[in-house]
J.: 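To start, I am sharing the structure in question, which I have written as structure tokens.
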Amino acid sequence: MRVALNPEQQAAVWHGDGPLLVLAGAGSGKTRVLTTRIARLIEEGLPPSRILAVTFTNKAAEVMRHRISSLVGHQPAGIWAGTFHSICARMLRIEAEHTDRSSAFTIYDESDSERAIKRAMEDADADPRRWSARGIRARISDAKNAMVSPAEYAAAAFDPLSRVTGEVYPAYERLLARCNAYDFDDLLLYAVRLLEDRPEVREHYGGRFAHVLVDEYQDTNHAQYRLVRALASVHGNVCVVGDDDQSIYGWRGADLRNILDFERDFPGTAVVHLEQNYRSTGAILQVANAVIARNRARKEKKLRTERPQGESVVVAALRDERAEAAWTVRKIEQLRVRHALGEIGILYRTNAQSRAYEDALRGADMPYRVVGGIRFYERREVKDVLAYLQLLVNPSDDGAFLRAVGWPRRGVGAVTLERLAAARAAAGGSLLDAAACAAELEGLPVGPARALVSFARDAAALRDLVSVASAADLAEECLRTFGLRAALEAEEDGEERLANVDELVAGMAAFAAEGAGIQAETAGSELERFLQHVSLLSDVDQYDQEEGAVSLMTLHNAKGMEFPVVFIGGVEEGLLPLGRSAETMEALEEERRLFYVGLTRAMDRLHVTHVSRRFRAGSAMPCFPSSFLDDLPEEAIDRRLSAVGGWRSGRWPRPVDSSRPGRGGRSDGFAARSAATRSSFTWRRDPAEVPESGPVYDYSESQEPLELLTGARIVHPRFGAGTVLSVVGDGRAAKARIEFDLEGPKIVLVAHAGLRPAP
DNA sequence: GATCGGTATTTTTTT
DNA sequence: AATACCGATC
């Protein structure tokens with residue numbers, strides 16, 4: 001094994017038994033350390049099956065397996081490598097007999113879960129008008145990630161929402177158990193329970209895995225921490241790798257304390273710091289370091305690079321998102337001589353931002369790939385087909401039943417389903433069972449009863465084939481038997497949907513051909529394995545970096561990647577940091593880390609853009625440069641100003657941030673331009689400046705933020721013309737009190753009102 | 001019981 | 001802008 005490693009990396013690779021914490025800065029070669037360490041263990045004779053490697057995506061696990069095999073010269077057969085979720089799912093399948101679910105369980109994604117919550121709310125008599133299923137789902141998810149049981153939750157619930165949640169939570173749990181289903185959070189939760197409550201299971205896995213290695217440890221939540229702790233309790237050989245500066249999943253329950261307290265939780269921990277960056281130029285790193293240095297909650301460190309200073313980081317101010325996208329594409333065209341398109345990444349905060357880029361790229365005939373957005377497996381038609389298949393594998397799955405029975409239309413509507421649910425409540429069993437006996441149900445008209453019985457009969461017949469037929473054949477059979485193909489053909493935009501369904505079937509065939517997911521330990525039908533496989537796929541897992549295509553993705557999805565050329569768009573107050581996150585320090589710092597993650601993806605060239613106006617939620621919003629841009633070291637950046645956008649003076653007006661003292665504040669919500677204490681820059685005319693096209697609405701003239709000051713004349717789409725009386729709050733929360741000429745005084749939410757300046 | 005059309009509500013980020 | 005939900009009509 002010959003790999004060039006620096007002394008710190010070597011220390012991590014050669015560290016023997018006992019806990020190891022690797023604090024690895026961006027681009028410091030942490031994946032390399034992890035794979036080399038595993039390769040070393042294997043070369044020393046440890047069977048791969050005794051290693052557990054947790055990665056953040058399935059893709060990362062795949063890459064890791066590949067690298068290990070090229071290091072040791074053979075496939076690391078039997079190694080457990082995957083995400084927390086897929087590893088837990090696997091464990092729950094194997095150990096199904098120790099749980100109250102069978103190994104054919106369904107995995108509910110967020111939308112399945114929300115539907116189930118709605119049904120649980122009915123069971124718990126929670127008023128659906130008063131409480132949103134979405135909100136309750138989020139609460140329950142938080143509780144599960146923190147490993148709070150329904151009883152514990154209810155006991156601590158005092159405010160009204162918590163009380164309702166406390167009632168829905170147990171009903172939801174019963175419903176999931178009845179459906180033989182787990183939601184995403186359950187996979188972690190129940191796996192931990194299995195390990196913590198069953199000594200024989202814990203000893204089995206603890207003994208089996210001689211080494212546990214976890215990547216991206218800064219993004220683990222409490223349940224994941226407990227899982228690591230339980231597995232490591234037997235041998236203590238746990239190696240975690242992470243960077244507190246790259247923790248970006250706090251909103252999903254990730255707890256920074258896991259990494260900050262690691263040394264305390266695992267006594268005798270050896271710590272290795274990797275601060276040598278091998279990825280980025282000096283300028284890029286200088287900018288990134290300056291940005292992250294502003295965070296208070298972090299372990300002090302400074303990444304260094306031996307690479308040359310390189311090109312300055314370009315900061316460009318553009319007029320709107322179209323100009324931003326056009327500018328980006330122009331730049332890419334210039335860079336194309338030196339860089340393959342596959343070396344270029346465009347990153348942004350929200351998926352909605354991809355649209356402008358896609359339009360511009362398409363217009364320029366430039367190939368691109370978008371990671372994320374509307375996911376393939378979340379498309380309506382794909383989910384519909386999956387529901388049928390799910391029902392074959394797991395007939396207890398009421399969610400799948402409801403989805404399947406509702407499409408295509410077969411004369412079974414809400415009323416019939418209501419009666420069916422009532423019958424089931426009395427008799428027990430699943431909705432599918434109840435449907436099979438629908439003929440005996442009193443008060444049910446013949447039509448619906450017949451439809452239900454025949455549906456159940458078809459499902460039972462197909463179910464008999466599950467153990468013998470291939471997944472793809474079963475899918476085809478489903479499409480035919482239930483008339484799905486015919487229904488899609490009859491739909492107006494059915495062609496595309498049909499194509500997606502065909503792609504799904506092709507995917508099943510490919511899955512079988514690759515033998516993917518075939519694990520000696522996980523028996524079960526091919527269909528069963530396929531379904532569990534796809535429900536845990538992430539966007540990134542389906543992403544194949546292509547030589548000839550630009551990559552577009554959110555900053556979150558870009559974690560762990562690198563590109564020679566990076567563009568980060570929409571670096572504006574309210575978008576990055578997003579929404580109200582500037583209001584609390586924790587949220588603001590997480591947004592800053594997200595920006596930092598984006599900056600550190602770049603190897604050679606980095607571009608940051610912001611605009612002065614952007615369409616959001618249907619209306620044009622004024623935009624100001626992100627406060628994150630305040631900290632950029634002038635000597636490492638190159639400012640560009642397009643003539644059709646940006647701010648002409650070297651001063652940036654922006655909404656007053658009341659949480660930051662020292663800025664001039666006005667009660668009306670906006671800083672006067674003269675009060676903005678920005679330093680002056682020299683703006684350069686940008687060579688790639690975008691020519692005007694089409695009618696241009698010169699925003700900077702007609703609707704500067706000052707226009708929203710008291711006395712400004714505006715036009716509201718519904719209420720017509722009016723005069724601004726006052727403005728309270730800022731960003732998305734800004735509310736304006738406006739005296740309308742015809743309707744009198746009203747308070748409107750600026751973000752939603754779609755106000756225009758009066759002509 | 002289905003379908004259509006209106007209105008209300010909504011947007012982070014993802015396993 | 002896009003979707004979900006609700007109510008009215010067929």
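In what follows, chains are A, B, ... by sequence order, proteins preceding strands, each numbered from 1.
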J.: Atom NZ of A/Lys59 to atom C1' of B/dT14: distance rounded to whole Å?
T.: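 In whole Å, B/dT14 C1' lies 17 Å from A/Lys59 NZ.
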J.: Ignoring backbone atoms, test whether A/Asn351 places a side-chain nitrogen or oxygen under 4.0 Å from the OP1 or OP2 oxygen of B/dT14.
T.: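 Looking at the OP1 and OP2 atoms of B/dT14, one of them is under 4.0 Å from a side-chain N or O of A/Asn351.
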J.: Only pairs under 3.5 Å count here: list side-chain donor-acceptor contacts from residues 411-419 of chain A, not counting sequence neighbours, and write none if there are none.
T.:
unit_1   : atom_1 : unit_2   : atom_2 : d
A/Arg419 : NH1    : A/Gly443 : O      : 3.1

J.: Could you walk me through whether A/Glu321 and A/Arg355 pass salt bridge (charged side-chain N to carboxylate O under 4.0 Å, His left out), step by step?
T.: CA-CA 9 Å; A/Glu321 71 266 37; A/Arg355 194 168 167 171; over 6 Å; no
J.: Map A/Arg410 and A/Thr83 onto DNA chain B by nearest heavy atom, then report which one ends up closer to the 5' terminus.
T.: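 Closer to the 5' end of DNA chain B: A/Arg410.
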J.: Rounded off to whole Å, could you give me the CG-to-P distance for the A/Leu578 and B/dT11 pair?
T.: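 About 12 Å, once rounded to whole Å.
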J.: For A/Ser581, which contact category applies under a 4.0 Å heavy-atom criterion: base, sugar-phosphate, or nothing?
T.: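 A/Ser581: no heavy atom of the nucleic acid under 4.0 Å.
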J.: In this structure, how many angstroms lie between the P atom of B/dT10 and the CD atom of A/Glu114, rounded?
T.: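 To the nearest whole Å, that distance equals 12 Å.
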J.: When A/Asp245 is tested against each of A/Arg294, A/Arg593, A/Arg298 for salt bridge (charged side-chain N to carboxylate O under 4.0 Å, His left out), which residue passes?
T.: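 Only one option passes, and that is A/Arg298.
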J.: Using whole Å, report how far CZ of A/Phe615 lies from P of B/dT11.
T.: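 Going from CZ in A/Phe615 over to P in B/dT11 covers 21 Å.
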J.: Send over the distance from A/Gln224 CD to B/dT15 C1', rounded to a whole Å.
T.: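 It works out to 8 Å between those atoms.
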J.: Please tell me if A/Arg409 has a side-chain N or O lying less than 4.0 Å from either OP1 or OP2 of B/dT3.
T.: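 It does, given that an N or O in the side chain of A/Arg409 lies less than 4.0 Å from OP1 or OP2 of B/dT3.
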J.: Taking only N and O in the side chain of A/Thr554, is any of them less than 4.0 Å away from OP1 or OP2 of B/dT14?
T.: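 For B/dT14, OP1/OP2 do have a side-chain N/O of A/Thr554 under 4.0 Å.
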J.: Would you mind reading off the distance between A/Leu588 atom CG and B/dT12 atom P, rounded to a whole angstrom?
T.: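 For the pair A/Leu588 CG and B/dT12 P, the rounded distance is 17 Å.
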J.: Could you check how far CD of A/Glu591 sits from C1' of B/dT11, rounded to whole Å?
T.: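 After rounding, the gap between these two atoms is 13 Å.
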J.: Assess the pair A/Phe482 and A/Phe455: is the distance between their ring centroids shorter than 6.0 Å?
T.: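 Ring centroids of A/Phe482 and A/Phe455 are less than 6.0 Å from each other.
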J.: Between which nucleotides of DNA chain C, 5' to 3', does chain A make heavy-atom contacts below 4.0 Å?
T.: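 Listed 5' to 3', the contact boundaries are C/dA1 to C/dC5.
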J.: Base, sugar-phosphate, or nothing: which does A/Lys559 touch, judged by heavy atoms less than 4.0 Å apart?
T.: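 Nothing, no nucleic acid heavy atom in range.
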J.: Step through it carefully: locate the ring centre of A/Phe56, locate the ring centre of A/Tyr249, and say whether they are under 6.0 Å apart.
T.: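 Yes.
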J.: Quick one: do the A/Glu324 and A/Tyr348 side chains pair a donor with an acceptor below 3.5 Å?
T.: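 Their side chains do not contain a donor-acceptor pair, so the 3.5 Å distance test is not met.
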J.: How far does the C1' atom of C/dC6 sit from the matching atom of B/dT11, given to the nearest Å?
T.: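 That atom pair is separated by 22 Å.
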J.: Write down the distance separating the C1' atoms in C/dC5 and B/dT12, rounded off to the nearest Å.
T.: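 These two C1' atoms come out 23 Å apart once rounded.
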J.: A/Tyr249 near the nucleic acid: base, sugar-phosphate alone, or nothing, with a heavy-atom cut-off under 4.0 Å?
T.: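 The residue A/Tyr249 makes sugar-phosphate contact but no base contact.
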J.: Rounded to the nearest angstrom, tell me the gap between atom CH2 in A/Trp407 and atom C1' in B/dA2.
T.: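 Atom-to-atom, A/Trp407 to B/dA2, this comes out as 17 Å.
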J.: Compare all side-chain heavy atoms of A/Ile117 with those of A/Met121 and state whether any distance is below 4.5 angstrom.
T.: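 Yes; the side chains approach each other to less than 4.5 Å.
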J.: For A/Asn557, report the nucleic acid contact type (base, sugar-phosphate, nothing); a contact means any heavy atom under 4.0 Å.
T.: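 Answer is sugar-phosphate: A/Asn557 comes under 4.0 Å of backbone atoms only.
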J.: Using the ring of each side chain (for Trp, its six-membered ring), is A/Phe511 parallel, tilted or perpendicular to A/Phe530, with breaks at 30° and 60°?
T.: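 Geometry flag for A/Phe530 against A/Phe511: perpendicular rings.
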J.: Under 4.0 Å between a side-chain N/O of A/Arg134 and OP1 or OP2 of B/dT11, yes or no?
T.: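 It does, given that an N or O in the side chain of A/Arg134 lies less than 4.0 Å from OP1 or OP2 of B/dT11.
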